[in-house]
Structure formats: C-alpha cells, structure tokens
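A short write-up of the structure that comes next.
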Amino acid sequence: MAADVPRYDFRAAEPKWQAAWNSLDCFRVEDVPADGKPKYYVLEMFPYPSGKIHMGHVRNYTLGDVVARYKRARGYSVMHPMGWDAFGLPAENAARERGIHPGRWTWDNIAAMRAELKRMGLSIDWAREFATCDPAYYGQQQKLFLSMLEAGLAERRESWVNWDPVDNTVLANEQVIDGRGWRSGALVEKKRLSQWVLRITDYAPELLSALDGLKRWPERVRLMQANWIGRSEGARMSFAMAEPQGEIDSIEVYTTRPDTLFGMSFLAVAAEHPLASLVAEHDPAAAAFVADCRSRGTSEAVLETLEKKGFPTGLEVVNPLTGCRHPVWIANFVLMEYGTGALFGCPAHDQRDLDFARKYGLAVTPVVLPPGVAEADMAIGDKPYDGPGLMINSGFLDGLSTDAARGAAIGELERLGVGKGVVNWRLRDWGVSRQRYWGCPIPVIHCDTCGVVPVPVAELPLRLPDDVTFDRPGNPLDHHPTWKHVSCPACGAAARRETDTFDTFVDSSWYFARFCSPLAEEPLVRDAVDHWLPVDQYIGGIEHAILHLLYSRFFTRAMKQTGAVAAAEPFDGLFTQGMVTHESYKDLQGKWLYPEEVQRRQDGMMVHRETGEDVVVGRVEAMSKSKRNTVDPGAIISRYGADTARWFILSDNPPERDMEWTEAGVVGAYRFTQRLFRLAENVPVAPAGEMPASFEGPARILRRAAHRTIVAVTEALESFAFNVAVAKLYEFANALAEAERAADEPGMLWARQEAVGIAARLISPMMPHLAEEISARFGHDGLVAQTRWPEADPALLVVDQVRLAVQVMGKLRGTIEVAPNTPEAEVLALAEAEPNVLRALAGKRVVKRVYVVNRIVNFVLAGS
RNA sequence: GCCCGCCUGGCGGAAUGGUAGACGCAGCGGACUUAAAAUCCGCAGUCCUUUGGGCGUGCCGGUUCGAGUCCGGCGGCGGGCACCA
C-alpha cells in the first residue's frame with residue numbers, strides 16, 4: 001500500500017471514541033431532568049439474551065441509534081436505554097441439555113451480548129440497564145401484579161392447556177409439533193388447569209377505539225390489532241331443546257346474522273360443548289367423534305386442510321321465530337372459545353354452513369335476494385350469497401333489507417324474551433400462568449381455609465430458589481423439597497405457594513416504563529414515568545405487531561387504573577423494520593453451508609472455499625440457523641468496523657422492507673468510509689482565516705451543495721428514509737471530490753473546511769466514530785456527539801437558475817434555463833424558440849399553453 | 001377462504017400529479033502502475049434510419065395539458081389469521 005494514501009484505522013478509532021463518549025457520560029439522562037430540554041424517548045425492543053447478537057439486532061439497534069443521535073443533535077434530552085428480556089424457555093432447555101443453571105447461562109449470555117452491543121457504538125444510557133430475571137426487576141413486577149389483583153384485573157380461571165401425557169408437562173404452542181410433544185413425541189392432549197388470567201377483555205373497547213389516536217403507528221399494525229380485538233355486533237339467543245336433555249333445556253347461540261334465522265337448517269355445537277359431553281356419555285360413536293375433535297392439534301396447517309365433519313346427535317331444537325324444528329349436530333369447525341360454542345347454520349348465506357349442509361344433505365333455503373336478481377332465479381350452487389339484499393322466505397321480515405331485518409329480528413327475539421342484541425369480542429382474556437421455573441414467580445399462596453392469599457408486600461421480591469434440578473420432567477418449583485411449603489400469611493396454617501410463573505410477555509409489558517427509574521424501590525416513580533412516557537419512537541420487528549404491543553397497551557392502562565402512570569398509551573410512534581435476509585447455500589450432498597464456507601470463483605460460480613466443489617445457491621431468505629445463511633455481526637465488525645456495518649445496513653433499502661445482506665454491499669460501505677476519510681484528510685488543516693465576504697465559482701458550488709445536503713439529509717432522517725439520507729451523503733462526497741480538483745480556487749480552503757465539518761455532523765447519526773475522527777482533525781471544540789445539528793444558510797438554498805422541461809403534447813422536447821419565477825410570456829417565448837420544440841410545433845396549431853412556474857411548459861396541439 | 005401490502009434497469013432502490021431511473025452494487029472504458037491491488041476519472045434503460053426519434057415503472061382501461069404517482073378492473077409475488085358463527 002502506498003504510504004501517502006491516508007487510511008482510516010477503525011480498529012483504533014472506534015474503541016477510542018467509545019471511551020471518550022463514556023468518560024463524558026454523553027448519553028446519560030436523569031430520571032427527572034431539570035435541563036429544560038424537550039424530552040425524546042427512543043426505544044428498541046429489548047433482546048432475548050441468546051448469547052450472540054444477530055443481524056436483526058444490528059439493524060434494530062442501528063435504526064434506534066440513528067434516531068437517538070439525531071434527536072440529541074436537534075436539542076432533545078434523549079433517553080435511549082437497553083435491557084434484557086431474560087426469562088424464558090431456552091434457559092431451561094440449556095439446563096436440561098447441558099446441565100447449566102438457567103441463571104448462570106442467562107447472565108453469561110448477557111455479558112457476552114452486552115460486549116457485542118457496545119462494540120456497535122450505540123448511544124445508550126447503560127446506567128439504566130436491567131434484566132427481567134433480576135429480582136430487583138421481577139420483585140417490582142410482583143408488586144404490580146398484586147395491585148392488579150386488588151383492582152380486580154387478575155383472577156383465577158380454568159382454561160385449556162397443551163398437555164404432554166408422557167413428560168407430564170404443559171407444552172407451549174411452539175413445543176407442539178404435528179400434534180405431538182417435541183421431546184416425548186406423545187400425542188398432545190388438551191387439559192383443563194386452573195390458571196391466572198389478566199382481564200384484558202375489560203379494556204377491549206378502549207384498546208380498539210384508541211387505535212385511531214396512534215397516528216404514528218403503521219396502518220397495518222393498527223389493522224392487525226383491530227382484527228385481533230375483533231368487535232362484532234349480533235344477537236345472543238337461545239334455542240329451546242325439543243326434548244330437554246338432563247339439565248340442558250336450551251342452547252345459547254351467538255350470531256352476527258339474526259336476519260337469516262328463517263334460513264336456518266341445523267344447529268351445531270363444539271366438541272367441548274356441554275351438550276356434546278352429555279351426548280357422548282351415552283353414545284360411544286359420539287364419544288369417539290368428540291375425542292377425535294379433541295385430539296387434533298390447533299395448528300394452522302391442520303385446520304387449513306381440515307374437512308368439515310359433524311356428528312348428528314338425533315336431538316332437535318326449535319327456532320323461536322319460525323317454530324320449526326332443526327337437527328343438532330356436533331361439528332369440528334365450531335370453536336368453544338368463540339361466542340357460546342354453538343351456532344345456527346344458514347347454508348344459503350355462509351360458506352362453512354353450506355359446505356357442511358352439502359356434505360350431510362341438509363336443507364339450503366335462500367332468504368336473502370341479491371340486488372338485481374329475481375326471486376324465481378335465486379339458486380344456491382356451491383357458493384353462498386353473503387352480501388346485502390332483500391329478505392325472502394322470511395315471514396314478517398319479507399321485503400326488508402338485510403340491515404333492517406337484522407334489527408327487526410333482534411327486536412322480535414327481545415319481545416319473545418329469547419334473545420337480545422349484543423356486541424361480541426374476539427379478544428380473549430390473557431392467561432399468564434406458566435408451569436415453568438425460569439420466570440417471575442406469581443406471588444400468591446394457596447391456603448385450604450383462606451383460599452388465595454397474596455404474598456405480603458414486605459416479603460417481596462419473592463425469589464426463585466437457586467437449588468433446583470432439571471433431572472425430571474415438569475416444573476422444578478413444584479418438585480422443590482421446601483420452597484412451596486409455607487404457612488398462610490392470613491391464618492398461619494400450612495399452605496402452598498403458587499408454583500406457576502408468569503408468561504414472559506408480562507415482563508416485556510412494562511419494561512419501557514421501568515427504564516424511567518430502573519433502580520427505584522417501587523415499580524415506577526410517577527415523576528419519572530410521567531416525564532418520559534410515552535415512548536416517542538419504538539422500533540422493532542413486525543412479528544410483535546399483535547401480542548407484545550397489545551399486552552403493553554393493556555398493561556399501561558392497567559397501571560394507569562392502579563395509579564402508577566398517567567399515560568394510557570405506551571408507544572406514541574412505532575416503526576416496524578424488515579428482516580435481514582441472505583442467500584442460502586448447499587453443497588452437492590444437500591448440506592447447508594455457511595456464507596463463510598463459500599466463495600465466488602472468477603467465472604462467478606459459487607464454490608466451496610476448501611474443497612472447491614460446486615455450491616448450489618438457494619433462495620434469499622430470512623437469516624436462520626437451520627439454513628446456515630447467517631452472518632455473524634461480531635466478525636463483520638472485526639473485519640470492517642461498526643460504522644461500516646451500520647452504514648451498509650442503513651444504505652441498502654428502506655428500513656421497513658426486508659434487506660439482503662451481501663458481502664459486496666459491506667465492502668462498498670467500507671470503501672465509502674475510507675473515501676470519506678481521505679476526502680476529509682486531504683483538506684488542509686491550516687487556518688482558513690476569516691470567512692470570505694463572497695464566494696464564486698467552485699467554492700460557491702461546494703457551499704451550495706453542502707447546505708442543500710443539510711436540508712436533504714434532515715428531511716430524510718425525519719421521515720425514516722435512511723437509505724435516502726445515505727444517498728444524499730454519497731452525492732455530497734462526490735461534490736467534495738469535485739472540490740478537491742478545484743482546490744486552488746478562491747475561497748476554497750474555507751469552503752472545504754466548512755463542508756467537511758458539515759459532513760462530519762451529517763454522518764454522525766449513522767457513522768458516529770468516523771464523524772468524531774474527521775471532526776477531531778480540525779480541532780473542533782468537543783465531540784460531535786455533543787454538537788448541534790448543522791443549520792442550512794437560506795441564502796445558499798436560493799436557486800438563481802431553474803431548468804424547465806418543455807413538453808409538446810406531454811412529451812419532453814427540450815429544456816430551457818430561466819431565472820426562478822420568470823413571467824409566463826417570457827418563458828413561453830423562450831420555450832417556443834427552443835430548436836427542438838420549434839421543430840415539434842412546426843405546422844401545428846397550439847390550442848393551449850400550460851406553464852407551471854419553475855416546473856414545466858406544455859404545448860397542447862389541435863387535432864387528433 | 002378472509003384481511004393487508006408490494007410490483008420501476010442486471011441488482012438494491014430514487015422520484016410534493018410536472019425532465020422516470022438520483023445514489024449505490026455489479027459491469028464496461030480510461031488514467032496511474034513494470035504488473036496487479038487500491039485509488040481517481042468517465043460510460044451505462046431499451047430499440048432505431050442517432051444534431052433526432054420510437055418504446056418503457058406487472059397487464060387492461062379511465063381521469064388529466066401531463067400518471068410510476070389518482071380511480072376501476074385483472075394478474076403475479078409476499079405477509080398476517082384463532083374455520084370467528
């Protein structure tokens with residue numbers, strides 16, 4: 001390498017600047033600041049401490065850091081914290097597989113990941129760091145839970161769980177594979193357990209209506225949440241049994257289509273419905289059918305291909321509006337969890353009902369006439385009609401519109417006292433009990449005389465015992481020799497601790513609030529949370545669009561109800577990033593290969609780095625361990641530096657889309673860091689003296705480029721168009737290179753020094769280390785990290801010449817240069833005189849002349 | 001099946017209804033070099049009869065002086081979903 005080419009030594013520079021930021025506490029903020037600055041809370045979804053960061057983390061935390069650094073430069077007091085979502089199953093799996101204690105495994109992972117994150121140069125206030133598995137955090141969570149319990153927001157309820165009968169353990173959905181337990185391979189059963197639920201459904205109306213106020217959320221996330229909450233209007237009604245069965249003399253049904261009651265042909269109940277159980281007691285065939293429904297998993301793939309099946313009970317119900325009798329079936333497509341677990345079937349106007357009716361030869365009676373169809377022509381083939389229309393075959397409803405009929409039917413049901421109009425919600429209460437060790441203990445005690453008794457607050461945190469074993473299936477807390485045996489805090493009698501722990505979604509439902517006062521001896525400090533909440537910009541993956549965000553919205557409302565916070569909504573702005581993808585590779589034996597095992601030969605073919613064997617290049621897809629198409633961020637940072645990794649991940653494409661990680665792209669980004677460094681290095685540091693009174697020629701051009709770039713980059717950062725900000729900085733680098741060739745022009749030294757100073761500040765959110773390195777060379781006061789964002793000089797943004805497009809009949813025929821806001825007559829004369837335009841207009845009659853100031857001229861010609 | 005999103009050069013992408021393809025990657029040409037790497041400069045949608053013209057933002061139509069952008073329909077790709085009564 002030539003000695004005279006300056007090179008940027010990121011290996012020395014990056015740790016140096018990180019240490020400088022650290023020693024000056026650049027990113028530290030107070031719980032309740034008194035600096036009078038406007039606040040800005042930037043948060044990225046905190047990571048699960050798996051042990052290594054992956055490219056998704058790099059993308060997530062780079063995006064957040066750009067926002068944090070930019071807002072800081074704009075004069076905000078920015079809180080940008082980091083923590084660890086540290087409870088969860090992988091730690092228990094590690095314990096079972098490798099004999100490591102989950103706590104040890106987790107804390108080691110945290111240490112490793114913290115070191116990796118720090119190498120990225122993130123502007124994080126590390127003093128706020130916490131892990132959810134720390135008793136200092138989960139003890140506060142236990143307090144929150146007790147306050148919710150007192151407020152009636154938590155209660156015990158029976159609910160269904162996936163049960164592995166061989167391992168005698170509850171399985172998470174992800175542990176059920178094709179209906180079998182992932183370890184034992186046993187067919188999973190559904191089992192009823194008494195569990196803690198949080199009453200999120202109490203807030204269903206508000207969680208839905210408040211979505212409209214979340215203006216800075218992606219539309220599709222709001223839509224997904226709205227669909228998940230699932231408000232529907234309909235009727236709840238009961239059908240009398242023709243012959244009562246034991247206790248059951250009627251069946252309760254929810255319907256959104258009471259208007260189609262006259263088209264009813266059957267009634268169907270879920271396999272878990274009490275009537276199904278009753279029938280199954282006496283009828284082995286029914287019992288077999290019910291068992292068959294129950295053994296089937298609930299995974300989507302199964303449901304997709306599921307054929308609609310039913311079992312006729314031989315019983316009948318009476319339709320209260322028509323007086324007709326209809327058969328009662330047990331059907332596999334009826335969900336016990338939704339509505340009342342029973343429905344009435346109107347095959348003419350519902351696809352599932354129609355499929356079912358065709359299969360079992362049930363009646364299909366149309367009752368809604370589509371607009372424009374004669375009643376005589378109305379027929380149902382294999383498609384139902386589910387649109388609006390006029391009622392037919394419907395007694396007193398005949399002739400009404402479907403809308404009117406809906407109201408009239410409900411009115412009649414109410415008059416008869418057999419039903420009423422209701423609003424129904426799809427959202428279900430949140431079951432938070434998990435039969436696991438590595439989670440936050442639920443702080444209650446079960447006493448035979450007193451029932452459920454809260455653990456006294458003075459005894460919190462209720463710690464997990466460390467001395468647990470994972471040598472047998474089930475919950476180690478349950479097996480622990482002493483932990484669960486306590487005396488009742490109320491009566492003193494022998495009692496048992498709750499051995500369930502919380503769903504880890506509970507941990508992540510309030511961590512953003514805890515960051516405001518992470519060391520407090522109470523869950524939240526009002527002054528601190530009321531200052532910082534809501535989070536101004538939350539950034540994370542779309543995969544959390546529903547559960548995490550909805551639970552957090554609920555939790556914040558619950559905390560508001562118990563007086564812990566003022567805000568109802570946790571996240572004012574939400575940005576959902578795309579995935580990081582990569583090509584995948586297989587060798588000729590079909591074994592997946594890591595990118596570093598593969599290289600591109602001269603002819604472009606991909607071959608194995610060591611064997612030289614051909615490699616099959618597969619799809620570009622989300623990085624995953626199983627496909628081995630992962631790239632280790634640590635290795636990238638070691639080879640190219642954090643700034644390069646950050647720059648590339650921002651430059652490739654808009655951040656909401658999936659990006660493809662490519663070696664070529666990283667190399668390109670690396671080259672740019674070097675180029676920019678050289679361009680800055682080539683500007684003499686000699687004092688440029690007083691600012692010249694005026695600039696002409698290349699110096700003026702450079703200054704205009706610099707100030708236009710300020711505007712362009714600012715706009716791009718404000719709108720999350722980071723790839724555009726990068727592109728504008730590439731352009732600016734080209735302008736700097738241009739200026740280098742005109743270095744001897746008057747005013748140039750001053751202009752170049754100004755330009756480099758502007759460049760350093762504009763790149764600083766994206767490449768903070770390089771920004772410092774460049775800036776330091778000119779002896780600028782202080783760190784770029786503490787410097788204000790540059791302001792564009794309006795005088796330099798004024799354009800003195802605009803190029804107008806001249807069109808003839810909408811087609812470009814030439815361009816003309818004029819002063820801004822040139823009067824119409826003058827512009828039109830110039831445009832018509834442009835040689836090529838002149839040619840296009842020759843012999844034609846112009847019927848209209850369009851002039852949009854500073855934009856365009858268009859001549860419209862007569863004739864065809 | 002339902003809901004949502006997307007579709008622009010070889011590739012990633014840019015473009016308040018106003019010169020489509022900024023910027024980058026890959027490519028090509030040149031300078032420098034004994035040579036290579038690195039670097040620097042330049043070219044580059046496509047076709048043709050090339051001082052110019054035709055075509056061109058998935059396809060078909062519409063609105064407009066003017067459409068990648070707005071509207072209607074169709075197709076393809078991707079994502080979400082708990083068969084939601």
Side-chain angles (χ1 to χ4, degrees), chain A residues 1-2 5 7 218-221 223-224 226-228 230 232 234-235 253-258 260 267-268 270 298-300 303-304 306 308 331-335 337-346 350-353 355-356 424-428 542-543 545-546 578-579 604 648 651-654 656-660 662-669 671-672 674-675 678 712 716 721 723-734 737-738 740-741 803-815 835-836 839-840 847-852 854-861:
Chain A
M1 182 167 317
V5 178
R7 279 188 76 82
E219 182 58 39
R220 64 177 175 143
V221 174
L223 203 86
M224 283 163 84
N227 289 341
W228 190 264
S232 69
V253 158
Y254 171 73
T255 178
T256 55
R257 294 297 302 274
T260 63
L267 188 143
T298 52
S299 88
E300 191 182 340
L303 292 173
E304 281 284 321
L306 190 61
K308 288 173 186 45
N332 65 353
F333 64 93
V334 182
L335 299 176
E337 295 82 13
Y338 185 80
T340 60
L343 60 84
F344 84 80
C346 176
D350 182 279
Q351 185 69 59
R352 287 159 312 157
D353 296 349
D355 293 347
F356 193 76
N424 195 53
W425 302 87
R426 182 174 170 277
L427 183 69
R428 302 200 282 253
I542 188 77
E543 66 273 20
I546 297 175
M579 291 183 301
F648 173 54
S651 68
D652 189 59
N653 66 353
E656 68 275 15
R657 294 194 210 167
D658 289 353
M659 75 161 293
E660 186 187 350
T662 59
E663 180 70 12
V666 189
V667 171
R671 274 204 302 263
F672 181 70
Q674 293 295 342
R675 178 168 192 239
R678 263 193 314 274
N723 57 320
V724 178
V726 166
K728 296 297 177 187
L729 286 163
Y730 273 116
E731 276 182 69
F732 187 39
N734 291 338
E738 194 89 27
E740 197 169 291
R741 276 170 265 146
R803 177 175 291 183
L804 296 186
V806 182
Q807 297 180 338
V808 176
M809 296 297 279
K811 282 185 185 295
L812 182 73
R813 291 300 177 225
T815 60
N836 207 38
R839 199 170 18 245
V847 294
K848 186 170 179 181
R849 294 170 175 81
V850 179
Y851 171 44
V852 180
N854 301 336
R855 288 262 179 213
I856 203 161
V857 174
N858 191 11
F859 295 103
V860 185
L861 304 178

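To find a chain, count down the sequence lines: A is the first, B the second, and so on, and within it residues start at 1. Note that this is a predicted model, so its numbers are computed, not measured.
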Is there a side-chain polar atom (N or O) of [X] under 4.0 Å from OP1 or OP2 of [N]?
X: Arg352(A); N: G1(B); result: no
X: Lys811(A); N: C55(B); result: yes
X: Asn653(A); N: G24(B); result: no
X: Asn723(A); N: A14(B); result: yes
X: Arg220(A); N: G79(B); result: no
X: Arg675(A); N: C40(B); result: yes
X: Arg813(A); N: U51(B); result: no
X: Arg855(A); N: G66(B); result: no

Checking Tyr730(A) against Ser651(A): is there a side-chain donor and acceptor pair closer than 3.5 Å?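 The criterion, which ignores hydrogens and geometry beyond distance, is not satisfied for Tyr730(A) and Ser651(A).
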Taking atom types as modelled, is there a side-chain donor on Asn734(A) or Glu738(A) under 3.5 Å from an acceptor on the other?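 No, Glu738(A) and Asn734(A) have no side-chain donor paired with an acceptor closer than 3.5 Å.
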Donor/acceptor link under 3.5 angstrom from Arg7(A) side chain onto base of U39(B):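 Checked by distance alone, the answer is no.
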Sugar-phosphate, base or nothing in reach of [X], heavy atoms under 4.0 Å:
X: Pro835(A); result: nothing
X: Asp353(A); result: nothing
X: Ala737(A); result: sugar-phosphate
X: Asn858(A); result: base
X: Val667(A); result: nothing
X: Arg741(A); result: sugar-phosphate
X: Thr256(A); result: sugar-phosphate
X: Glu731(A); result: sugar-phosphate
X: Leu335(A); result: base
X: Asn734(A); result: sugar-phosphate
X: Val852(A); result: base
X: Tyr254(A); result: base

If I pick the C1' atom on A20(B) and the same atom on U8(B), what distance separates them, to the nearest angstrom?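 Nearest-Å result for U8(B) against A20(B) at atom C1': 8 Å.
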Exercise: identify the closest heavy-atom pair between Arg257(A) and Phe344(A):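 Looking at all heavy atoms of both residues, the shortest contact is O-CZ, 3.7 Å.
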For [N], which nucleotide in any strand shown is its Watson-Crick or wobble partner with both distances under 3.5 Å?
N: A14(B); answer: none
N: U46(B); answer: G54(B)
N: G5(B); answer: C77(B)
N: C32(B); answer: none
N: C83(B); answer: none
N: A22(B); answer: none

With syn defined as a glycosidic angle within 90° of 0 and anti as everything else, classify G9(B).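 Glycosidic conformation of G9(B): syn.
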Heavy atoms, side chains only, cut-off 4.5 Å: are Thr662(A) and Asp652(A) in contact?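 With C-beta onward as the side chain, the pair stays apart.
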Does Ile856(A) or Arg671(A) map to a spot on RNA chain B nearer the 5' end, using the closest nucleotide for each?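 Its nearest nucleotide lies further toward 5', so the answer is Ile856(A).
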Would you indicate which nucleotide in G52(B), G12(B), G80(B) comes nearest to any side-chain atom of Asn836(A)?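 Closest of the options to the side chain of Asn836(A): G52(B).
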